[in-house]
Colleague: 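Encoded as structure tokens, here's the structure I'll be asking about.
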Number of protein chains: 4
Amino acid sequence: MVARMPHSCPRKRRTGRPRSVETDRAILDAARAALVDLGWGRFTMGDVAARAGVAKTTLYRRWAHKNELVVDAVAVLFDELELPDRGSLQADIEGVVLQFGRLLERPETKAALMAVVAESTTDAALRERIRTAIVDRQMRLVVLGRERAQERGELPPDPPDHDGARAAAETVGLIFDVIAGTVVHRTLVSAEPVDTVWARRLATILLEGLAGLD
Amino acid sequence: MVARMPHSCPRKRRTGRPRSVETDRAILDAARAALVDLGWGRFTMGDVAARAGVAKTTLYRRWAHKNELVVDAVAVLFDELELPDRGSLQADIEGVVLQFGRLLERPETKAALMAVVAESTTDAALRERIRTAIVDRQMRLVVLGRERAQERGELPPDPPDHDGARAAAETVGLIFDVIAGTVVHRTLVSAEPVDTVWARRLATILLEGLAGLD
Amino acid sequence: MVARMPHSCPRKRRTGRPRSVETDRAILDAARAALVDLGWGRFTMGDVAARAGVAKTTLYRRWAHKNELVVDAVAVLFDELELPDRGSLQADIEGVVLQFGRLLERPETKAALMAVVAESTTDAALRERIRTAIVDRQMRLVVLGRERAQERGELPPDPPDHDGARAAAETVGLIFDVIAGTVVHRTLVSAEPVDTVWARRLATILLEGLAGLD
Amino acid sequence: MVARMPHSCPRKRRTGRPRSVETDRAILDAARAALVDLGWGRFTMGDVAARAGVAKTTLYRRWAHKNELVVDAVAVLFDELELPDRGSLQADIEGVVLQFGRLLERPETKAALMAVVAESTTDAALRERIRTAIVDRQMRLVVLGRERAQERGELPPDPPDHDGARAAAETVGLIFDVIAGTVVHRTLVSAEPVDTVWARRLATILLEGLAGLD
DNA sequence: TCGTAACCGAGACGGTACGTCTCGTCTTGGA
DNA sequence: TCCAAGACGAGACGTACCGTCTCGGTTACGA
């Protein structure tokens, strides 16, 4: 078997016919379309192959399991995440919340995200893939907003010593869990929209809460 | 097809052999055991039937799909949720967080919860079943903690008019999304434990944040 | 368990509620109707019970297996077999052939007969039941026709000794196999009708053939 | 669905992995073995698959129903039918009768033949398959014996005109129904063996009967 | 320019679970 | 004791997907 990741090792193989990049794109597009049409439950590798005009073999040459394909298919949506500087920490938090909300309200994300997270509870490799492909892309925004707030003086700078760094990392993790978790819960469990009013209330809670944290 | 819910209509059928309550229990117990051993992904109706010493038919007579069976099997765990009065809102919130955390760290819950939530995105009936069987049981604790705080005077009483009631409901919903969502994210995505220190920090954020919400 | 044959032991049980004779009739009628509608392949005990307005239990109280029920249901049709004296052996043979043909062209017979014969290859009890309920009723006609021909002097009388009787029995068996077998094959395998022209030709062959048998 | 017949269209598909001929053979062998061991009633697709070391899917890819599989499995036995020239029509008829008898006394044939004939009463496609796979192979022997007898001058040649040909075909059909039907009835219903004495008597009846036919 | 290595489509394959069906038995309550 | 209703254990059914394999054939590099 050859490397089962798209273009993973750029300097490995040189001979033979190279994999088609168009095919990669077609498959990921087909996968997202299939998620929209069928949801995760009836999502089928065979169906994706048919949509992409490709053989099943071609899929399995690139992804070992359908959950990995879905992670990659959804991951590109999280590349779009960006955080324009809105001038204040409050506004930036609202921005992050709205960005997350918008992404989770897309049918392909909604259908797939919790499914792969569920499978990741018994599959460490999948969990790692989700982290690098999706979670880290979200976390970036939280880290970025925090750095901006520190530059603006809205938050104190990170202490330089080891313990301080660890405490800062834990705080970032907590904030991230609050933002991402709350938005996910709102969207998938409560099944209600993430609008600007709601985003403002959540941002307010977080901001005030962080101020009182210590 | 006959009613596919255990004991759904108490006054409907009177003739024929009644369904065995022991069988119900055996199936739900077997389902939880199967979740622990296999996780959601390899969870099988046939396996549950075998564990329960029961025919597959008997399962399908009661539950149309395996996700509904799993919801009911997991739901009884959420019956155990209770909130002893710890004397302060801060302590009560910590209590709720810890209760949720303890429940989500159980292997049967961890494996199943996100899976059924994922399927519920394309299945309204399942979503409703999850709400009544699981979500409402969690929400109860949040409502209870809030009422206690209002009795203690830590929180203002609900305004009696219609708009006030709606606003209160929305606030409860927000708090619930924050608590449940954050705990779920911590447990399943960040894959880290919910301990007392973390619970205290989350409770602090919430308490301070709510104070500033106005 | 009680006797599993309809009214088999006339002097056995006296206590308790007696079995309804109407029910017997309703079941056999329903069974024939089911055979007509569904054929043997989709014939179901549950369906027969529903048609008869009767519980499945009631069927199984009378017949141990569905093939036995079907034998009895079809058997009553063979009670109708009779052979009016047409004045000559040739005419009587034609009559037998036509009677058999008419019976085998009925949809309930066509669907069921070969099916139960097929099952009888691995079930001696069923084979016996078929013999007494169906085969003997057919054989009667052949025996009757032969006796009439002997009375008319068209056939020599049976020799009184033991060997002669056995030879006569074997000849009757052969004739019966020819008539019944040929009609069945014509009807079910060749799938063509048994009309008077065909019956005359078969009767002629038999008559001439028997004359030359010695 | 794809063609559900083994190698049905020799010039159709060229792409994709071709079906394994070994697998075909293994399945048919397994089917015959299963018939011998279990009879038709307990014959199972799953069991055949297991015996053949093959997945159930592989069976259903080739045969839509178990009765079609059984027809094909049994059909190859009828390929062995052959009629050595025994020098006279009487001897040749005896030969045909004995051949049929020998085949029908094999356990796989006995168990299966009537079962599929029974199902063919409500399934035209199956009836056609039986005709080409089994009936025609038997009929061949009757036609062959007749041609030999005509060459020997024991029977008059077929008249060349249309009506004569039709009459000849009908006569062949009648003879075939008599031979095959009588042997089947002897074997399956009367459940007695087809030995040389019995064969001689049946052949005599036929020969004399045909002579007197017109 | 030619070989070779990897690509690609189509589809057969072993395996496994699905959800349904029917069988024949058992368990109610009522007649 | 019989009956209608229907739950029950057992197990085959035919389908759907999984992920692998085997074909015939194509495409790009490098020797």
Side-chain angles (χ1 to χ4, degrees), chain A residues 1-4 13-20 23 42-47 49-50 52-66, chain B residues 1-2 13-20 23 41-47 49-50 52-66, chain C residues 1-2 4 13-20 23 42-47 49-50 52-61 63-66, chain D residues 1-2 13-20 23 42-50 52-66:
Chain A
M1 197 207 304
V2 207
R4 239 155 171 185
R13 295 165 289 93
R14 282 167 310 180
T15 79
R17 176 175 171 180
R19 288 192 185 150
S20 160
T23 299
R42 293 187 294 177
F43 178 95
T44 304
M45 292 300 257
D47 180 85
V54 142
K56 270 198 304 171
T57 326
T58 305
L59 268 65
Y60 283 107
R61 229 172 258 127
R62 292 162 160 81
W63 294 277
H65 300 289
K66 76 170 185 172
Chain B
M1 199 209 304
V2 206
R13 295 165 291 92
R14 281 166 310 181
T15 81
R17 177 176 173 178
R19 291 196 183 148
S20 160
T23 299
R42 292 187 296 177
F43 179 95
T44 309
M45 292 300 255
D47 180 85
V54 144
K56 268 197 304 170
T57 327
T58 304
L59 268 66
Y60 284 108
R61 225 171 261 127
R62 292 163 160 79
W63 295 277
H65 301 290
K66 75 172 184 172
Chain C
M1 199 204 304
V2 207
R4 242 162 172 178
R13 296 164 289 94
R14 281 169 310 182
T15 78
R17 176 172 169 181
R19 288 192 185 149
S20 159
T23 300
R42 293 186 296 178
F43 178 94
T44 302
M45 292 300 257
D47 180 84
V54 142
K56 272 197 304 169
T57 326
T58 305
L59 268 66
Y60 283 106
R61 230 173 256 128
W63 294 276
H65 300 289
K66 75 171 186 172
Chain D
M1 198 209 304
V2 205
R13 293 166 291 93
R14 283 166 308 179
T15 81
R17 177 175 172 178
R19 290 197 183 149
S20 161
T23 298
R42 292 187 295 176
F43 179 95
T44 310
M45 292 299 254
D47 179 85
V48 173
V54 144
K56 265 197 304 170
T57 327
T58 304
L59 269 68
Y60 284 106
R61 225 170 263 127
R62 291 163 162 79
W63 295 278
H65 302 290
K66 76 171 183 172

Colleague: Starting from the 5' end of DNA chain F, give me the residue, B:Val54 or A:Arg42, whose nearest nucleotide shows up first.
Modeller: B:Val54
Colleague: For DNA chain E, whose closest nucleotide is more 5', that of D:Gly16 or that of B:Asp47?
Modeller: D:Gly16
Colleague: What integer distance in Å separates C:Lys66:NZ from E:dC21:C1'?
Modeller: 12 Å
Colleague: Between P on E:dT25 and CG on C:Leu59, what's the gap in Å once rounded to a whole number?
Modeller: 12 Å
Colleague: Closest-nucleotide mapping onto DNA chain E: is A:Thr58 or C:Thr44 further toward the 5' terminus? I mean the 5' end.
Modeller: A:Thr58
Colleague: Looking only at N and O atoms, is any donor in the side chain of A:Lys56 or the base of E:dG11 less than 3.5 Å from an acceptor on the other one?
Modeller: no
Colleague: Counting only side-chain nitrogens and oxygens, does A:Arg62 get under 4.0 Å of the OP1 or OP2 atom of E:dA6?
Modeller: no
Colleague: Using only side-chain N and O atoms of D:Thr57, determine if any of them is under 4.0 Å from OP1 or OP2 of E:dA12.
Modeller: no
Colleague: Closest heavy-atom contact between A:Ala49 and A:Ala55?
Modeller: CB-C, 4.0 Å
Colleague: To the nearest 0.5 Å, what is the distance between CZ on B:Arg61 and OG1 on B:Thr23?
Modeller: 10.0 Å
Colleague: For E:dG14, does either OP1 or OP2 sit under 4.0 Å from a side-chain N or O belonging to D:Arg61?
Modeller: no
Colleague: Given atom CE of B:Met45 and atom P of F:dT15, what is their separation to the nearest angstrom?
Modeller: 21 Å
Colleague: For C:Thr23 and A:Gly46, find the nucleotide of DNA chain F closest to each by heavy atoms; which residue's nucleotide sits nearer the 5' end?
Modeller: C:Thr23
Colleague: Within a strict 4.5 Å, meaning less than it, do heavy atoms of the A:Tyr60 and A:Met45 side chains meet?
Modeller: yes
Colleague: Would you kindly check whether a donor in the side chain of B:Arg17 faces an acceptor in the base of E:dC26, or vice versa, at under 3.5 angstrom?
Modeller: yes
Colleague: Nearest 0.5 Å, what's the NZ-OG1 distance between C:Lys56 and C:Thr58?
Modeller: 11.5 Å
Colleague: Between atom NZ of A:Lys66 and atom CG of A:Leu59, what is the distance when rounded to the nearest 0.5 Å?
Modeller: 12.0 Å
Colleague: Starting the side chain at C-beta, find the nucleotide from F:dC18, F:dA5, E:dG19 nearest to B:Tyr60.
Modeller: E:dG19
Colleague: In whole angstroms, how far is the C1' atom of E:dA5 from the CZ atom of A:Arg19?
Modeller: 13 Å
Colleague: Would you indicate, yes or no, if F:dC18 has its OP1 or OP2 atom less than 4.0 angstrom from a side-chain nitrogen or oxygen of A:His65?
Modeller: no
